[in-house]
Amino acid sequence: MKFELPQLPYAKNALEPIISEKTLEFHYGKHHQAYVTNLNNLIPGTQFENADLETIIKESDGGIFNNAAQVWNHTFYFEQFSPNGDNEPTGALLDAINESFGSFDVFKSTFVTAGVTTFGSGWAWLVKNAQGKLEIVKESNAGNPMTKGLIPIFTFDVWEHAYYLDYQNRRPDHLAELWKIVDWKIVEKRF
Ligand code: MN
């Protein structure tokens, strides 16, 4: 299967100033594209040549896993933002957040702490576990919680390439600002 870089669901300058056009030109246009290109170059002649992305993520390792997971992770990350974000979760997702974390505010601070304390490159994830409850998990590098039987609901990319052009070393400031562009209507559909 030949994978393609999905279109962004907004203009490259639509998330300014939280995520600048320049950051999207590199993060989406260069990094995300490179993972797609690398994956397409790696899978011909392997057992994953005709596999879908989720199957590759669950069954591969090494370079194929790293690039497949990064393709999936970035698509999932970029699609949860919107210039019309800055809303809050409602309905069943809000109920589950309140049940697992006590409140939306506690969830947000716990999630930012998970991102800030991820050493080096990685991802903070909100996931649904086998019991249907929400948890926050940290993954290094390309890690994706679906490899542990967890269902991804929401994520923050804490690789430096996600924020360095706009925030330099200030990862906590970047993560604190990201909430302003999260569209919870999109996240609710994943729950
Ligand atoms: Mn990234």
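Scope of the values below: all heavy atoms of this structure, side chains included, with no hydrogens, waters or symmetry mates. Both ligands and their constituent atoms are indexed starting at 1 by order of listing.
- Here ring-ring contact (aromatic ring centres under 6.0 Å, His included) pairs that include residues 35-71, with residues two or more places apart or in two chains, are Y35-H74.
- Remark: side-chain polar atoms of T118 are not paired, donor with acceptor, to backbone N or O of W123 under 3.5 angstrom.
- When hydrophobic side chains of Ile, Leu, Val, Met, Phe, Trp and Tyr are connected at separations under 4.5 Å, F26 ends up clustered with L165.
- A cation-pi contact links R190 to F76, judged by a cut-off of 6.0 Å to the six-membered ring centre and 45° from its axis.
- Around the Mn ion (ligand 1), the protein atoms of type N, O or S that sit closer than 2.8 Å are H27 NE2, H74 NE2, D157 OD2, H161 NE2.
- Every side-chain contact (heavy atoms from CB on, under 4.5 Å) that S20 has, sequence neighbours left out, goes to E16, K22, T23, D166.
- Both cation-pi conditions hold for K128 and F191: the charged atom is under 6.0 angstrom from the six-membered ring centre and inside a 45 degree cone around its axis.
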